[in-house]
Amino acid sequence: MTEQLSKVYDSKTVERQVNELWLSKSYFHAEPSRPGQKRKAFTIVIPPPNVTAALHLGHALNNTLQDILIRFRRMEQYEALWMPGTDHAGIATQTVVEKRILAEEGKRRTDFPREEFVKRIQAWKDEYETTILGQLKAMGCSCDWPRTRFTMDEVCAKAVRAAFFKLFKDGLIYRGKRLVNWDPATQTVLADDEVEHETIQGFFWYLKYPLVEPVEIDGRQTEHITVATTRPETMLGDTAVAMNPADPRAKYLVGKMLRLPIVGRIIPIIADEHVVLPNPQSEDEKARFSTGFLKVTPAHDPDDWEIGKRHNLAVINIMAPDGSISDKYGWQDAAAPEARNLLGMDRFEARDAIVEWFRQENLLEEVRDYAHEVGHSYRSHVPIEPYLSDQWYVSVKQPIPNLSQKFGQGLVEGTDVPVNSLAGLALKPLLDGRLRFIPERYAKTYQTWLENLRDWPISRQLWWGHRIPVWSKSVRDTDTIRELSNLSERVHSITVDTDEGQVAFACVAPGNEDVEKSLEARGWKRDSDVLDTWFSSALWPFSTLGWPEETPALRTFYPGDVLCTAREIITLWVSRMVMMGQYCAGDIPFRDVYIHAMIQDGEGRKMSKSLGNGIDPLIAIDSHGADAMRFTLATMTTDTQDIRMPVAAMTLPDGRTVNTSPKFDVGRNFCNKLWNASRFAMMNLEGLDPAGFDAAKLDISDRWILSRLAATRDEVTNSLNAFKFSEPLGQLYHFFWNDFCDWYLEWVKSRMRDDQSKAVAQNVLAFVLDSTLRLLHPFIPFITEGIYQKLNEMAPVRELKGIAAADRAEAITVAPWPAGTRPMRDPAVEEQIRLVQEIVRAIRDLRSQYNLAPSEKLTASINAPKAMGDALSANNGLICQLAGLSELQTAENLPKPNNAATALVEGAQVYVHNVIDPEAERARLEKHKQEIEQAKKAVESKLANANFVAKAKPEVVAQAREKLQQLQEQLKAVEGHWAERKS
RNA sequence: GGGCGGUUAGCUCAGUUGGCUAGAGCGCGUGCUCGACACGCACGAGGUCAGAGGUUCAAGUCCUCUACCGCCCA
């Protein structure tokens, strides 16, 4: 005899054993040679977690959902590839390591040579990559582990070089002087999406600027105009003051000159429609705060930059890269002592000093409280400084002529986005319906972003990342151009006018280290910046498969199928993958984008380190088990935006206090139930003989559970196809716990003691258990595999001869998804059992109401109409078994015995005999009567409404009539009994 | 400022195209230690579906407005 399942479900043991099995057998490996006529490929690429830190619960959710999808498809016999890996996360990782080294060693990045510092980050990456991959395995993620990639490994680096070169050659990469989002703390540029907007309680300062010559306005001598600003320190770089031409004062003032305080610079008053007209009564806050005069600082404000371009204003940068006031970066008229005093001050110090100066000079007219949005670095959290800087850009709306044949040309309808521009390549598939968001509403985020897309700044002043493969040299050196001319295929170059004259920039194609060396030997300098992290992330779906090489993996698994991610990176990441997928690999990288919810704590706050409300997946796995965690996460995944997960502290044996959630109990309880039900089933499978099965001998409970199984199988399959997660789990929960455990297993117990019925029951039991495990496997893979392995020992063949063939597998993870079993569906049987269940519940209710011990066998009878009575009589045994009856009689017009308690079930009256508590019975009947009367009144008034009868669908009216009749009968019965009791 | 989501039982959430007396899990109450499971079994209590108005024979569901909570973008 084989050993049974252990009595207690121990998640840790099962998870360890099962993981060993899976990994030793390489079940998750996807082989490019296998897909063909019969077998199709199915691909999901993991959103590569950042190597900055260990995974949190959001990752657990994200990866659980991906695993459910990939396991489902693998069981559906797709060649399913889940590509794993991690992301170097440039700025984020570098910042984390910088902070740690500063805290532990008191050293800054600049204290290290570049190579050495990068090595330190590499070490951090190695540590966290190991942690992360370990976490994913602990969660049960069925990734193709040997394929694991890292965005900076050799394979990905090659793709980055190839993609960059292609863009450069197509003229899509350019160097531009632009106002960028500058983070003075980390001293790097941030993309628009990396800027977080926070509302700040700040001030509007009203500064008076003197006119060079006083001006008479409507008879009044005017010596000053007043500008309002939230950032007074930028006034040092003002090169004009603008006013709206519609302002009545404009005709007197436009063209006049001002003397800029502190600096003494003479600047003009210009007319620009961008300026908001003052209006104290306006709804618009800006109009209420406006003076009508806008100081224009082109070097330090994006709007002013635009105004400056329109009016050809000078651009004066007054700050050093660290955000301090400086005359070394473009400010040349800092001669006045007041101005020189400010040099070297931090921007916020300078703000205070300048406001103070205005106050002392009586030029500070007013200070008003003002709440406004200020951009902050998502990394260092300091306010962003708009800053003038040379950066590399990718042109996103420029038509790419060599793609017009494949992708067409002209504009995407209703936009200024050319079809064959990068933005167009990403936008068009959505509009064509080839790219789909689930839930659909997120398509709008994607679409709007692409329609309003600005060029993508891709250089970052960091050390950790893909170094930009561009070398430069001044053209004044006469050799420069000649040096390039014989390298045409391996190098592409452009010439740019810079402050230092003409400079040649050469991009070297990948795999030409010799060229790089020879250029450097001749004085060419490699760009010291690295690429935006999202550049390599954008290539992830194909760089991981070996692009630009035409590898078998790339041919088989690209384009992929599903991307599963959070909504916050729809713009940053999803759109860029589509863009680059189209541009580099010629097709969209996936068809379906599933956007899942964000996990919040019980109060609806984001989980974060600073709030201390995060949950470590490994802690949840430790406290409840990986399957329990997955079950709970999946069951909470509906298509809402947020998931609330109450957080509770827990003390570990070692005394540490950590967070977990009572929500995981739901999953743990389910797993425990599954374990025990399986254990019970297997205890009864000894001597199972598939050959002895005879479909003709199925009893009604068998036919019922098979029908329910078939229905559940179809529902779950449909739900998963539609990217539902909570729904299929709910269906399985109900089927397994309510149908299978509460009813079928209870009924099967007695049949197991009877040799006549045992053979059939055993076969059905084994079959249903097997199918149930398979349906549950994508959600809770460990426990289902553990039980399946045992089932393979105990009952190697699970088939129902003539109904369902055996399709065994050595592991459930590679077992086929249960086949459609439509012939097993039997609505008539389901209806009969439903009725049986109603009767059983009614009797249990009476038992409970009259405090009859569960062990006490009762006698009952049922007065039911002929058809119903016949059905019930046929199932007498089932009712007696689960209602605890020793005797049950069912017939039409059966009189009510004395001392019986009554329950009404549809058209039938159920009598439980020898219950002697007339008082309680009368109260019950009274209550019942009221309920029925109330329901009856509702239906009656509906039917009394002529409009309802005339306009509602006929079947609805018929239904109402039927209902009324039933209620009338019930009322009659109840009234009869009630009267009886009363007498 | 623009966009999106939410508000249903004490809690966390379901509720398809409008149609039986609005469901589940947890929690709560009562009773169960009968040979799988107390992480369990049975039964039960608990809801003016945020508010107002409208469409309709019929509204949790569709429309309008309001309030509150939250997210994304500028």
With the criterion being N/O to N/O and under 3.5 Å, what pairs connect the protein with nucleotides 19-27 of chain B, and how long is each?
none

Nearest-angstrom distance from the residue atom [atom1] of [X] to [atom2] of [N]:
| X | N | atom1 | atom2 | result |
| --- | --- | --- | --- | --- |
| Asp665(A) | C37(B) | CG | P | 20 Å |
| Ile384(A) | C73(B) | CD1 | P | 14 Å |
| Trp675(A) | G40(B) | CH2 | P | 17 Å |
| Arg454(A) | C73(B) | CZ | C1' | 12 Å |
| Glu451(A) | A74(B) | CD | P | 15 Å |
| Ile643(A) | G6(B) | CD1 | C1' | 14 Å |
| Arg841(A) | C41(B) | CZ | C1' | 14 Å |
| Asn851(A) | G31(B) | CG | C1' | 7 Å |

Could you tell me which nucleotide pairs with [N] by Watson-Crick or G-U wobble geometry, both distances under 3.5 Å, or answer none if nothing does?
| N | result |
| --- | --- |
| A58(B) | none |
| G18(B) | none |
| G53(B) | C63(B) |
| C68(B) | G6(B) |
| G1(B) | C73(B) |
| G46(B) | none |
| C41(B) | G31(B) |
| C11(B) | G25(B) |

Exercise for the section: Start with the C-alpha distance between Arg751(A) and Ser701(A), add both sets of side-chain angles, then the distance that settles side-chain contact (heavy atoms from CB on, under 4.5 Å), and finish with yes or no. Expected result: CA-CA 11 Å; Arg751(A) 295 165 70 206; Ser701(A) 67; 3.5 Å; yes

Handout entry: Residues, nucleotides or ligands: over 12 heavy atoms within 6.0 Å of Glu440(A) CD
Key =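 Not more than 12 within 6.0 Å, no.
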
Scan [options] and name whichever one has a side-chain contact (heavy atoms from CB on, under 4.5 Å) with [X].
| X | options | value |
| --- | --- | --- |
| Val912(A) | Leu858(A), Thr902(A), Asp845(A) | Leu858(A) |
| Ser726(A) | Asp639(A), Thr638(A), Leu633(A) | Thr638(A) |
| His596(A) | Leu65(A), Thr640(A), Ile438(A) | Leu65(A) |

Handout entry: Atom pair NZ/CE of Lys663(A) and Met636(A) - distance to nearest 0.5 Å
Key =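 Going from the NZ atom of Lys663(A) to the CE atom of Met636(A) covers 4.5 Å.
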
Problem - Interatomic distance, Met645(A) atom CE to Thr660(A) atom OG1 [nearest 0.5 angstrom] - result: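 Interatomic distance, Met645(A) CE to Thr660(A) OG1, rounded to 0.5 Å: 9.0 Å.
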
Between [X] and [Y], does at least one N-O distance fall below 4.0 Å, as a salt bridge requires?
| X | Y | answer |
| --- | --- | --- |
| Glu15(A) | Lys12(A) | no |
| Lys724(A) | Glu715(A) | no |
| Arg668(A) | Asp665(A) | yes |

Nearest-angstrom distance, [atom1] atom, [N] to [M]:
| N | M | atom1 | answer |
| --- | --- | --- | --- |
| G35(B) | G29(B) | P | 27 Å |
| C71(B) | C13(B) | P | 15 Å |
| A9(B) | C28(B) | C1' | 11 Å |
| G51(B) | C39(B) | C1' | 42 Å |
| C43(B) | U48(B) | P | 26 Å |
| G10(B) | C62(B) | P | 24 Å |
| G40(B) | G47(B) | P | 26 Å |
| C4(B) | C41(B) | P | 45 Å |

Handout entry: Distance under 6.0 Å and angle within 45° of ring axis: Lys749(A) vs Phe680(A)
Key =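 Because its charged atom sits under 6.0 Å from the ring centre and within 45° of the axis, Lys749(A) does stack over Phe680(A).
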
Handout entry: Residues Tyr442(A), Phe437(A); criterion ring pair (Phe, Tyr, Trp, His ring centres under 6.0 Å); working and verdict
Key = CA-CA 6 Å; Tyr442(A) 293 113; Phe437(A) 280 82; 7.6 Å; no

Handout entry: Leu852(A) vs Ser726(A), nearer the 5' end of RNA chain B by closest nucleotide
Key =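 Here Ser726(A) is the residue nearer the 5' end.
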
Practice task
Check whether any side-chain nitrogen or oxygen of Thr638(A) sits under 4.0 Å from OP1 or OP2 of C13(B), and answer yes or no.
Solution key: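 Checking Thr638(A) against C13(B): no side-chain N or O falls below 4.0 Å of OP1 or OP2.
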
Handout entry: Phe725(A) ring center within less than 6.0 Å of Tyr594(A) ring center
Key =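 Ring centres of Phe725(A) and Tyr594(A) closer than 6.0 Å.
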
Exercise for the section: With heavy atoms under 4.0 Å as the rule, sort Met645(A) into base, sugar-phosphate or nothing. Expected result: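 Contact class for Met645(A): none.
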
Give me, pair by pair, the N or O atoms of the protein and of nucleotides 32-36 of chain B that are less than 3.5 Å apart, along with how far apart they are.
unit_1: A36(B); atom_1: OP1; unit_2: Lys749(A); atom_2: NZ; d: 3.4
unit_1: A36(B); atom_1: O3'; unit_2: Arg679(A); atom_2: NH2; d: 3.4
unit_1: A36(B); atom_1: O2'; unit_2: Asn676(A); atom_2: OD1; d: 3.1
unit_1: A36(B); atom_1: O2'; unit_2: Arg679(A); atom_2: NH2; d: 2.8
unit_1: A36(B); atom_1: N7; unit_2: Lys749(A); atom_2: NZ; d: 3.4
unit_1: A36(B); atom_1: N6; unit_2: Glu746(A); atom_2: OE2; d: 3.2
unit_1: A36(B); atom_1: N3; unit_2: Asn676(A); atom_2: O; d: 3.2
unit_1: A36(B); atom_1: N3; unit_2: Ala677(A); atom_2: N; d: 3.3

Practice task
Taking the side chain as every heavy atom from C-beta outward, state whether Phe631(A) and Val666(A) have any pair of such atoms under 4.5 Å apart.
Solution key: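 Touching, per the 4.5 Å side-chain cut-off.
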
Shorter than 3.5 Å, N or O on both sides, protein versus nucleotides 69-72 of chain B: list them out with atom names.
unit_1: G70(B); atom_1: N2; unit_2: Gln641(A); atom_2: NE2; d: 2.8
unit_1: C71(B); atom_1: O2'; unit_2: Arg567(A); atom_2: NE; d: 3.0
unit_1: C71(B); atom_1: O2'; unit_2: Arg567(A); atom_2: NH2; d: 2.8

